[in-house]
Amino acid sequence: MHKVAELPAPEVVFEQPFYFLRHGETTYNREGRFQGQRDTPLSELGEEQALAAAKVLAQEPIKRLIASPLQRARVTAEAVAARTGLAIETDPELMECHLGVHQGNLYEPWLPDYWAGRYRPEGGEDFWQFRARVLPALARAAALGPDCLIVAHGGLWLAARSVFRLEPDIKAMPNALPLRVVPDGRTWQVQSLG
């Protein structure tokens with residue numbers, strides 16, 4: 001097991017409400033495989049989930065659409081763009097954590113140690129490196145204006161949970177659950193939509 005040293009959380013400020021959407025289910029999600037930065041497609045269910053989320057989000061006052069460039073997030077964002085007419089902007093810093101040699105493997109018991117910052121996959125990034133990358137990217141996207149939608153990955157939500165108090169606390173982000181987030185200092189008020 002590769003041990004890691006904890007890095008302090010990046011200093012990020014969220015002042016404006018924003019929307020967050022994890023991608024729809026992928027073939028890897030369904031099979032119980034680690035994805036990381038593998039560019040995996042949505043499953044048929046994932047495509048349906050993306051369309052359902054897009055229908056809900058089309059009723060919201062979303063003004064910008066920022067997505068991870070990985071296919072599963074981009075295709076989910078495309079469903080929203082088709083309903084809203086918004087252009088999709090991408091940010092590679094919003095990509096999921098890189099799980100190194102484990103990407104593509106079936107789930108293994110080391111994953112809780114990864115999220116606790118106690119394990120770095122060979123050839124990948126540890127949780128602290130991941131958090132240092134994605135939290136500033138989330139903050140940049142949210143700062144682009146009120147009511148920005150960020151379409152990304154479940155790992156980003158877990159990184160945010162390690163720094164911000166979420167009310168209510170959604171521990172594991174379901175696929176394609178649209179959320180509206182209202183920051184209040186170190187607390188995020190989270191509303192599930194649809």
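In this text the structure is predicted, and so the values were computed from the model without any measurement.
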Peer 1: To check you understand the geometry: which heavy-atom pair defines the closest contact between Glu31 and Leu106, and what is its length?
Peer 2: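 Looking at all heavy atoms of both residues, the shortest contact is O-CD2, 3.4 Å.
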Peer 1: Would you mind reporting whether Tyr28 and Arg38 have side-chain heavy atoms less than 4.5 Å apart?
Peer 2: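 They are in side-chain contact.
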Peer 1: Counting C-beta onward and ignoring hydrogens, is there a side-chain heavy-atom pair between Leu45 and Arg30 closer than 4.5 Å?
Peer 2: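 Of all side-chain heavy-atom pairs linking Arg30 with Leu45, none is under 4.5 Å.
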Peer 1: Specify the closest pair of heavy atoms between Ala152 and Leu94, including all atoms of both residues, with the distance to one decimal.
Peer 2: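 Taking Ala152 first and Leu94 second, the nearest heavy atoms are CB-O, 4.0 Å.
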Peer 1: To the closest 0.5 Å, what do you measure between CG (Leu135) and CZ (Arg140)?
Peer 2: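 One finds 11.0 Å between CG of Leu135 and CZ of Arg140.
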Peer 1: Consider only side-chain heavy atoms of I, L, V, M, F, W and Y, link residues closer than 4.5 Å, and tell whether Val134 and Phe34 are in one cluster.
Peer 2: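 The answer is yes; both residues are in one hydrophobic cluster.
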Peer 1: Any side-chain heavy-atom pair from Glu125 and Arg133 closer than 4.5 angstrom?
Peer 2: yes
Peer 1: Should we say atom CD of Glu108 is surrounded by more than 12 heavy atoms from elsewhere, each under 6.0 Å from it?
Peer 2: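 Enclosed: over 12 neighbouring heavy atoms sit under 6.0 Å from CD of Glu108.
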Peer 1: Check Leu42, Thr26, Asp39 against Gln71 for a side-chain contact (heavy atoms from CB on, under 4.5 Å) and give me the one that passes.
Peer 2: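 The option that passes is Asp39.
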Peer 1: Under 4.5 Å between side-chain heavy atoms, hopping through other hydrophobics if needed: is there a path connecting Met95 to Trp128?
Peer 2: no
Peer 1: Which pair of non-hydrogen atoms, one from Ala73 and one from Val151, has the smallest distance, and what is that distance?
Peer 2: O-CG1, 3.4 Å
Peer 1: When the side chains of residues 173-181 are checked against the rest of the protein, which donor-acceptor pairs come out under 3.5 Å, sequence neighbours left out?
Peer 2:
| unit_1 | atom_1 | unit_2 | atom_2 | d |
| --- | --- | --- | --- | --- |
| Asn175 | ND2 | His23 | O | 3.1 |
| Asn175 | ND2 | Gly24 | O | 3.4 |
| Asn175 | ND2 | Asn29 | OD1 | 3.3 |
| Arg180 | NE | Tyr19 | OH | 3.4 |

Peer 1: Looking at every heavy atom in both Gly124 and Gln129, which two are closest together, and how far apart are they?
Peer 2: O-OE1, 4.3 Å
Peer 1: With rounding to the nearest 0.5 angstrom, report the CD to OG1 distance, Glu25 to Thr76.
Peer 2: 11.0 Å
Peer 1: Do Tyr114 and Leu158 come within less than 4.5 Å of each other through their side chains, counting heavy atoms only?
Peer 2: no
Peer 1: Evaluate Asp113 against Arg118 for salt bridge (charged side-chain N to carboxylate O under 4.0 Å, His left out), listing each step before the verdict.
Peer 2: CA-CA 5 Å; Asp113 285 328; Arg118 295 187 296 264; 2.8 Å; yes
Peer 1: In this structure, would Ile170 and Leu193 fall into the same cluster of hydrophobic residues linked by side-chain contacts under 4.5 Å?
Peer 2: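 No, because Ile170 and Leu193 fall into different hydrophobic clusters, even though each may have its own neighbours under 4.5 Å.
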Peer 1: Hydrogens and angles aside, do Glu167 and Gln189 bring a side-chain donor and acceptor to less than 3.5 Å of each other?
Peer 2: yes
Peer 1: For His102 and Pro121, work out which heavy atoms get closest and say how close.
Peer 2: CD2-CB, 3.5 Å
Peer 1: In terms of relative ring orientation, are Phe127 and Phe130 parallel, tilted or perpendicular, with 30° and 60° separating the classes?
Peer 2: tilted
Peer 1: Are Val182 and Leu138 connected in a single hydrophobic cluster, I mean Ile/Leu/Val/Met/Phe/Trp/Tyr linked by side-chain heavy atoms less than 4.5 Å apart?
Peer 2: no
Peer 1: Using the side-chain contact (heavy atoms from CB on, under 4.5 Å) definition, which of the options Asp126, Val163, Leu156 pairs with Arg131?
Peer 2: Val163
Peer 1: Please name the pair of heavy atoms, one in Gln16 and one in Ala142, separated by the smallest distance, quoted to 0.1 Å.
Peer 2: NE2-O, 3.8 Å
Peer 1: Membership question, hydrophobic clusters at under 4.5 Å side-chain separation (ILVMFWY): are Ile66 and Ile62 in the same one?
Peer 2: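 No; Ile66 is not reachable from Ile62 via cluster members.
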Peer 1: Quick one: which residue pairs count as a salt bridge (Lys or Arg N to Asp or Glu O under 4.0 Å) with a foot in residues 43-72, not counting sequence neighbours?
Peer 2: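 For residues 43-72, and leaving out neighbouring residues, the salt bridge (Lys or Arg N to Asp or Glu O under 4.0 Å) pairs sorted by first residue read Lys63-Asp147, Arg64-Glu89.
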Peer 1: Please check: side-chain N/O of Gln37 versus main-chain N/O of Leu99, any donor-acceptor pairing under 3.5 Å?
Peer 2: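 Answer holds: no.
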Peer 1: Side chains of Phe20 and Val190: closer than 4.5 Å at any heavy-atom pair?
Peer 2: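 Side chain of Phe20 against side chain of Val190, heavy atoms only: no contact under 4.5 Å found.
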Peer 1: Return the CZ to CG distance between Arg161 and Leu166, rounded to the nearest 0.5 Å.
Peer 2: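 Arg161 CZ to Leu166 CG: 6.5 Å, rounded to 0.5 Å.
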Peer 1: With sequence neighbours excluded, tell me which residues meet side-chain contact (heavy atoms from CB on, under 4.5 Å) with Val80.
Peer 2: Leu21, Ala54, Leu57, Leu65, Thr84, Leu149
Peer 1: Side-chain contact, heavy-atom cut-off 4.5 Å: Phe18 with Pro183?
Peer 2: yes
Peer 1: Should the pair Trp188 and Phe14 be assigned to parallel (<30°), tilted (30 to 60°) or perpendicular (>60°) ring geometry?
Peer 2: perpendicular
